[in-house]
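Following: one structure in structure tokens, then a few remarks.
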Amino acid sequence: MQKDNSPAQQDKNPTQEYNNLIPQQAGLIKELTWRGMIQDIMPGTEEHLAKGMTTGYIGFDPTADSLHIGSLVPILLLVHLQKAGHKPIALVGGATGMVGDPSGKSEERNLLSEDLLAHNLAGVKKQLEQYLDFDPSRPNAAEMANNYDWFREMSFLTFIRDIGKHITVNYMSAKDSVKKRLEGDNGMSFTEFTYQLVQGYDFYWLYTHKNCSLQMGGSDQWGNITTGTELIRRKSGGTAFAFTCPLITKADGGKFGKTEKGNIWLSAEKTPPFQFYQFWLNATDADAEKWIRIFTFLDQPTIETLITRHREQPEGRHLQKTLAREITSFVHGEEEYKKAVATTEKIFADQSAAAESLTEQDLESMEGVKIDYAAEKLAAGTDIVTFLAETGILPSKGEARKLVQGGGVSINRKKVDSLQLILDKGILLHGKYLMVQKGKRNFYLVRVI
RNA sequence: GGGUAGGUAGCCAAGUGGCCAACGGCAACAGACUGUAAAUCUGUCCUCUUCGGAGUUCGAUGGUUCGAAUCCAUCCCUGCCCA
């Protein structure tokens with residue numbers, strides 16, 4: 001158990017493994033197929049890719065100023081595309097973001113203000129830039145695009161004459177995302193109805209201006225994507241291709257990427273790497289088997305070996321550890337990954353050990369779980385409920401009280417069994433730390449300053 | 001514009017004068033069991049509480065009544081049908 005606990009030494013350097021796995025241009029579809037990353041695919045796509053370097057794109061909606069792990073799959077598709085020798089375009093939806101995608105939504109969306117949109121756009125763009133290779137000396141250098149650039153100057157009349165004329169309302173209404181809303185209880189505004197056309201035009205624009213003949217995306221985008229290929233066919237007689245990846249689900253049917261703390265974001269500010277790492281480490285066995293193929297670049301034999309090993313010895317959690325290692329170092333870099341592991345080991349490795357056995361260095365080096373608390377307050381003595389509420393560990397006194405009553409809070413690894421517990425200086429570790437545990441998996445290190 | 005069905009807690013959804021802080025389900029959180037897993041069982045799940053209660057809720061505003069989520073009026077919003 002202890003030996004296996006340090007995944008860092010368990011396998012080779014992850015980036016090395018990425019590199020020795022460069023499928024050929026034609027092999028992209030095969031590669032993605034065994035990974036379970038293909039849901040729908042347009043006939044002829046594989047043959048088209050085999051002909052040579054193809055430019056493909058995926059659109060990202062700026063609904064927040066950071067992408068979350070739901071966007072990770074599309075990002076990975078682009079990375080795979082580039083690894084296979086094709087050219088990826090990451091499109092940010094400056095224009096489509098203003099309209100709102102009805103796909104998968106049962107209700108009309110609220111429009112984002114323009115300021116917020118601009119802010120989000122900048123954040124999303126910055127993140128996307130991290131994951132692809134934009135080096136212009138590469139023949140298949142990645143590119144960034146913003147559909148606002150071509151929609152900004154377009155007039156409404158131009159849109160309905162030059163684009164709208166090519167697609168019938170019948171065609172648009174037949175799309176699942178539209179049909180559901182037409183049949184449902186909430187209706188659909190004209191704005192959202194036009195969304196697929198707006199997105200469809202993106203594809204057409206990229207097709208004519210950037211020679212982009214492939215669109216990818218989540219399977220919820222299939223309807224929007226095919227409107228694009230249809231538009232290309234009708235307006236310019238060309239042929240474009242597309243495939244989608246399945247939406248990531250959890251075995252228990254819950255929403256992927258959500259925890260009690262909310263969304264798991266890709267930005268370290270919104271989700272510290274430690275928590276990011278923990279999210280993957282906590283994957284259930286069933287999920288881990290699926291996810292490791294999708295979220296890592298490990299090759300098929302490696303993954304199969306891992307799965308076999310895991311089935312024989314599930315309590316070793318090799319699968320989760322490898323998954324968490326690969327994806328954390330991909331998103332946050334190896335340094336952050338190592339810190340996350342170090343913190344994890346200190347917190348979880350030997351839980352029966354007294355909190356006092358942790359050295360000051362151990363505590364200080366814990367990343368992603370620290371909270372500061374004013375020394376004066378503690379000097380006077382604070383009751384546990386107030387303390388939990390003031391540190392923000394629990395949102396209110398009421399909730400703090402309930403959780404303590406339910407036995408869900410520990411201080412310095414000792415369960416709090418009384419609401420009357422008064423915290424004062426005497427309880428601090430090394431004179432300045434307090435280890436607070438909420439539930440089994442949520443740790444906070446309160447540092448008194 | 002006319003007709004009609006609706007608007008209940010994070011979501012779905014009961015309730016149609018007092019027994020309603022509001023059945024039930026989902027989601028969520030915690031406890032037990034475990035492998036920081038799943039399944040299962042238990043508890044919590046509007047806010048505050050000295051755990052006795054207290055305060056604010058059922059689209060909005062007024063009204064009827066000892067008493068309203070439930071009745072009436074007006075308004076707002078949504079679906080569907082007709083024009």
Side-chain angles (χ1 to χ4, degrees), chain A residues 1-7 104-110 179-190 192 249-264 274-292 306-307 309-325 328 340-353 366 368-369 383-386 388-389 393-410 413 415-420 435-444:
Chain A
M1 175 79 193
Q2 290 304 322
K3 274 171 273 155
D4 294 336
N5 233 347
S6 47
K105 301 281 187 303
S106 60
E107 276 180 40
E108 185 79 10
R109 291 219 277 185
N110 293 324
K179 209 160 56 179
K180 276 192 189 127
R181 290 280 291 275
L182 292 178
E183 288 163 359
D185 294 334
N186 291 302
M188 176 181 218
S189 68
F190 179 70
E192 287 196 5
T249 53
K250 295 208 300 183
D252 60 11
K255 276 205 191 76
F256 171 73
K258 295 260 189 187
T259 67
E260 69 280 2
K261 292 193 186 71
N263 270 324
I264 303 289
F274 169 74
Q275 278 165 25
F276 185 87
Y277 176 78
Q278 284 285 317
F279 171 79
W280 298 101
L281 196 65
N282 276 313
T284 65
D285 294 354
D287 288 336
E289 287 193 16
K290 268 190 302 176
W291 293 356
I292 194 152
L306 262 167
I307 290 179
R309 189 171 165 208
H310 183 262
R311 285 190 180 153
E312 283 163 4
Q313 202 197 346
E315 67 278 10
R317 305 168 62 79
H318 304 298
L319 213 45
Q320 281 91 339
K321 281 176 195 162
T322 313
L323 173 67
R325 178 194 74 206
T328 307
V341 172
T343 303
T344 296
E345 279 173 4
K346 274 160 208 151
I347 291 177
F348 291 100
D350 188 4
Q351 288 216 54
S352 56
M366 288 186 185
V369 292
D383 69 280
I384 179 73
V385 171
T386 310
L388 289 171
I393 292 173
L394 274 312
S396 76
K397 283 194 187 179
E399 294 210 22
R401 195 171 286 114
K402 277 170 197 158
L403 204 67
V404 171
Q405 277 171 342
V409 177
S410 299
R413 285 187 175 155
K415 190 165 276 189
V416 177
D417 49 14
S418 162
L419 285 173
Q420 270 70 51
M435 236 174 111
V436 183
Q437 190 175 356
K438 180 183 100 184
K440 207 161 5 187
R441 309 175 198 168
N442 302 293
F443 281 82
Y444 303 88

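All chains are named by letter (A, B, ...) in the order of the sequence lines, taking the proteins before the strands, and each is independently numbered beginning at 1.
Nucleotides B:U64 and B:A73, compared at atom C1', are 10 Å apart to the nearest Å. Distance noted for atom C1' between B:C23 and B:A32: 28 Å (whole Å). B:A21 and B:A69 have their P atoms separated by 9 Å, given to the nearest Å. The same atom, P, is picked in B:U40 and in B:A27; the two are 10 Å apart, to the nearest Å. If you take atom P in B:C46 and the same atom in B:A38, they sit 25 Å apart, rounded to whole Å. The same atom, P, is picked in B:C19 and in B:C71; the two are 16 Å apart, to the nearest Å. Taking the P atoms as reference points, B:C80 lies 43 Å from B:C66, given to the whole Å.
If you check B:U64 for Watson-Crick or wobble pairing at under 3.5 angstrom, you find it has no partner at all.
Legend: residues meeting side-chain contact (heavy atoms from CB on, under 4.5 Å) with A:D285, ordered by chain and number and at least two apart, are A:H310, A:P314, A:Q320. Not counting sequence neighbours, the partners of A:T344 by the side-chain hydrogen bond (donor to acceptor under 3.5 Å, both in side chains) test are A:Q278. Every side-chain contact (heavy atoms from CB on, under 4.5 Å) that A:D383 has, sequence neighbours left out, goes to A:V385, A:T386, A:I422. By the side-chain hydrogen bond (donor to acceptor under 3.5 Å, both in side chains) test, A:N282 is found to be paired with no residue, residues two or more places apart in sequence or in another chain being considered.
Comparing B:U36, B:A30, B:U49 by their closest approach to the side chain of A:N442 singles out B:A30.
At whole-Å resolution of the value, CD in A:E312 and P in B:G35 are 18 Å apart.
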Donor-acceptor pairs are to be reported for all side-chain atoms of residues 393-405 of chain A against protein atoms at under 3.5 Å, with residues two or more places apart or in another chain.
{"unit_1": "A:S396", "atom_1": "OG", "unit_2": "A:G398", "atom_2": "N", "d": "3.3"}
{"unit_1": "A:S396", "atom_1": "OG", "unit_2": "A:E399", "atom_2": "N", "d": "3.2"}

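Contact annotation: the side chain of A:E192 approaches that of A:S189 to within less than 4.5 Å [non-hydrogen atoms, C-beta and beyond].
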Would you tabulate the nitrogen or oxygen pairs shorter than 3.5 Å linking the protein to nucleotides 38-47 of chain B?
none

